[in-house]
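So the structure is just underneath, and the comments pick up after that.
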There are 4 protein chains.
Amino acid sequence: MTPELTEQPGRRGRPRDPGADRRILDAARQLLATDGYEALAVDRVAEHAGVAKTTLYRRWPSKAHLVIELVADLQGQVRLEETGDLRNDLTALVRGITVRLHAVGAALVADLAAAVARDSSVALGIRELFKAWRGAAITILWAARDRGDLPRASNAEILVDQLVGPLYYRLLITGDPLTPEYATRLVDSVLGTHEPTS
Amino acid sequence: MTPELTEQPGRRGRPRDPGADRRILDAARQLLATDGYEALAVDRVAEHAGVAKTTLYRRWPSKAHLVIELVADLQGQVRLEETGDLRNDLTALVRGITVRLHAVGAALVADLAAAVARDSSVALGIRELFKAWRGAAITILWAARDRGDLPRASNAEILVDQLVGPLYYRLLITGDPLTPEYATRLVDSVLGTHEPTS
Amino acid sequence: MTPELTEQPGRRGRPRDPGADRRILDAARQLLATDGYEALAVDRVAEHAGVAKTTLYRRWPSKAHLVIELVADLQGQVRLEETGDLRNDLTALVRGITVRLHAVGAALVADLAAAVARDSSVALGIRELFKAWRGAAITILWAARDRGDLPRASNAEILVDQLVGPLYYRLLITGDPLTPEYATRLVDSVLGTHEPTS
Amino acid sequence: MTPELTEQPGRRGRPRDPGADRRILDAARQLLATDGYEALAVDRVAEHAGVAKTTLYRRWPSKAHLVIELVADLQGQVRLEETGDLRNDLTALVRGITVRLHAVGAALVADLAAAVARDSSVALGIRELFKAWRGAAITILWAARDRGDLPRASNAEILVDQLVGPLYYRLLITGDPLTPEYATRLVDSVLGTHEPTS
DNA sequence: CACTAATCGAGACGGTACGTCCGGTCTTGCC
DNA sequence: GGCAAGACCGGACGTACCGTCTCGATTAGTG
């Protein structure tokens, strides 16, 4: 996840300042929190980080790339505790996403999506992150299907889209609030509200 | 939906050039089609439309407002023929949205979402458009529920989100293609693949 | 000599701020005096002039163009009083150039020459200025030749080069000082020290 | 004239790569010839020479110093064959300078002059070179004066300036071409076109 | 043979200016 | 009043170049 190269042992030349990455990200994070994406000026990030602009651009080829990684960091690892109870696991997952999306905010997500759409090279980082999440969710669903908690025919990919997609839809398009209850209702709708027999 | 004022009859001074609105929108549309979203600079639109920038800004208070209307035009009216067959009607609806979203393109949608998130006044126009669609879909679902084609307990709002949300999710986030097949599978997933009723 | 267009009467659009030209040149002049050419930052000039950088670049396409005009202004018009006495007239002329060159300074002249050599479009302004001077000098010499104060065969162009060239040579290359005495000796050498025949 | 230290015998540590000097100068010369003065960035020179930038800077303290030496090399030694015929000797000398100046080019000369004006330490090298030439020319003139080919009162310094100065003036300021004919006419003007009595 | 000292390649770094781009406002004179 | 033309402000962007620095790897002479 480090910007560019994974710092092989047999590196030549002056090594990169290991603190610079962190200082830049910190500065960007802070400015992002206060000013938002639009107002996030690269010059200011560099200055704030005590770093030359060139140093920043050596690591991230554009403002968008930087922010992408920043958000990826913010989102953190996929922490996915499977309890074996499908409904609980899914609800936990979707609620987690809900909380994080809400924290990041509509403007930032939208701006990032725009950056991604404009420059496909930006997409790489962010897509990787999303894929990790999707993968986790799909794993949950497959396990459930194998246990018989889900119909044989169900398509895990689609189900995940229908769990996660609405969150982005609300956040970016309709503007409706993202609440934990909404997350619950999404899961309910996918699994069926009626108690799973019991 | 006309830009600003509805051209009251008792107006003083030179009347607005009635063709300007159209020419501007046409120019924007064309630039979008030929040169992509990047080319959609206000100066270029005005020049292309043979119109002064002031004329444009007199009608739309910002680039975002213009683009919103542009998209609204592109999307066109909600044409919703109910055949009474729930699956067919929903599939037609979702496919329609799929096609239109694909046509508009990810970059534009994302930038619009960003504009909406930043300026609530922009939101009004676009939300109105989306609400019309949602309303149509919800009407279909309610009718189906009344007919008994859908369980009593089902929540139409959520269902719609789960039909439409994934489209935006794919378009903006994952970058997966928006195909008619995908639309079909979404509907199938919501209604259950297995024959309904029977 | 005004930057671009000579402000025709039937101009459309907002007229250029007439004060801006002057304010920019003033700011540039002052910064040039204190910091030298190298340190003359366009941003600072604009800021100092209370003008957006775009306003500056609308008038002069590059820093070099601006400074060229600035120097041209500094040099001012060719004031050439002919007394009819060749030696006096030439001495006055060469001394005038000496003083001005000394005032402008080697660094600036050299930087300007470099700018001219790099971008031929820069050359236009400065060459015009120099041509005016050369023309004046040549006129003096022709008149003298017609009066018989100068041999029939003498080549005015070459003579001028030999009067002015050494000034630049000293200033830029050898670094020897430019004194009024030197100017006098140049003229003497060209006309012959020994009394002008009589 | 070798860059820095004269490679004392009792040196410790790894000796300098003897080829590096030459390779660097070659690379610079070539870049200058092929891509023009603009291409003469230190990074490019080093890369082109297959040399680290540090290696270059260990030899020359700045780009200007390097270029100075480059030019000195280009100019080569002052080869001054005195035939005893003043007009011939001077013409040969001035033509030689003309050719070399033309080869070096206005941009380079101007930038060098600028560097000299800014940093007096740069001046040392270049001035030395020029002094050698001046000295040679002055020697010619003195000899001629002693032979009686030149008036007793004539000032050799001034005469040299009037022979060489115009070349720089044309090259840097007026932009007029430097031709052999021009060189001849300069000498003619200084010595008098009409045969020197006799 | 170890030790020390200098050079070399590679490349990161600070600093700083440049010229460009775009959104949105303002100012003319003409209709 | 609308309109065309176009100047203006403000501000960010990404690029370029210079000269310095920090590594690890060589390559001598020295003890």
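Numbered from 1 within each chain, the chains take letters A, B, ... in sequence-line order. Keep in mind that this is a model prediction, so the values were computed, not measured.
Going from atom CD of B/E47 over to atom P of E/dC21 covers 13 Å, rounded to whole Å. The nearest whole Å value for the distance from the CH2 atom in C/W60 to the P atom in E/dC18 is 15 Å. One can place CG of A/D119 at 13 Å from C1' of F/dG14, the figure rounded to the nearest angstrom. A straight line from CG of C/D35 to P of E/dT16 spans 13 Å, rounded to a whole angstrom. Between D/R59 atom CZ and F/dT20 atom C1' there is a gap of 18 Å when expressed in whole angstrom units. E/dG9 atom P lies 16 Å from atom NE2 of D/H48, rounded to whole Å. Between B/I24 atom CD1 and F/dG2 atom P there is a gap of 13 Å when expressed in whole angstrom units. Remark: P of F/dA16 and CG of A/L56 are 17 Å apart, rounded to the nearest angstrom.
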Please report the C-alpha distance between D/D111 and D/V67 in whole Å, then the side-chain angles of each, then the deciding distance to 0.1 Å, and finally whether the side chain to side chain contact (heavy atoms under 4.5 Å, CB included) criterion is met.
CA-CA 10 Å; D/D111 264 303; D/V67 178; over 6 Å; no
Begin with the C-alpha distance, continue with both residues' side-chain angles, and end with the deciding distance and a verdict on salt bridge (Lys or Arg N to Asp or Glu O under 4.0 Å) for D/D17 and D/R23.
CA-CA 10 Å; D/D17 179 348; D/R23 287 211 309 281; 3.8 Å; yes
Is there a salt bridge (Lys or Arg N to Asp or Glu O under 4.0 Å) between C/R29 and C/D26? Walk through the geometry before answering.
CA-CA 5 Å; C/R29 185 161 21 239; C/D26 282 354; 2.8 Å; yes
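Mapping C/Y57 and A/P18 onto DNA chain E by nearest heavy atom places A/P18 closer to the 5' end of the strand.
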Can you pull every protein N or O that's under 3.5 Å from an N or O on nucleotides 9-12 of chain F?
residue : atom : partner : partner atom : Å
F/dC9   : OP2  : C/A52   : N            : 3.0
F/dC9   : OP2  : C/T55   : OG1          : 2.4
F/dA12  : OP1  : A/R44   : NH2          : 3.1

Using atom names, set out every protein N or O paired with an N or O of nucleotides 28-31 of chain E below 3.5 Å, distance rounded to 0.1 Å.
none

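The shortest distance between side-chain heavy atoms of A/T55 and A/R58 falls below 4.5 Å. In this structure the side chain of B/W60 reaches within 4.5 angstrom of the side chain of B/L25, judged on heavy atoms. The closest side-chain heavy-atom distance from B/R59 to B/R16 is below 4.5 Å. By the 4.5 Å heavy-atom criterion applied to side chains, B/L124 and B/I68 are not counted as neighbours.
No donor-acceptor pair under 3.5 Å is formed between the side chain of D/S120 and the backbone N or O of D/A123.
Taking both residues in full, the closest heavy atoms of D/V122 and D/A115 are given as CB-O, 4.2 Å, listed atom of the first, atom of the second, then distance.
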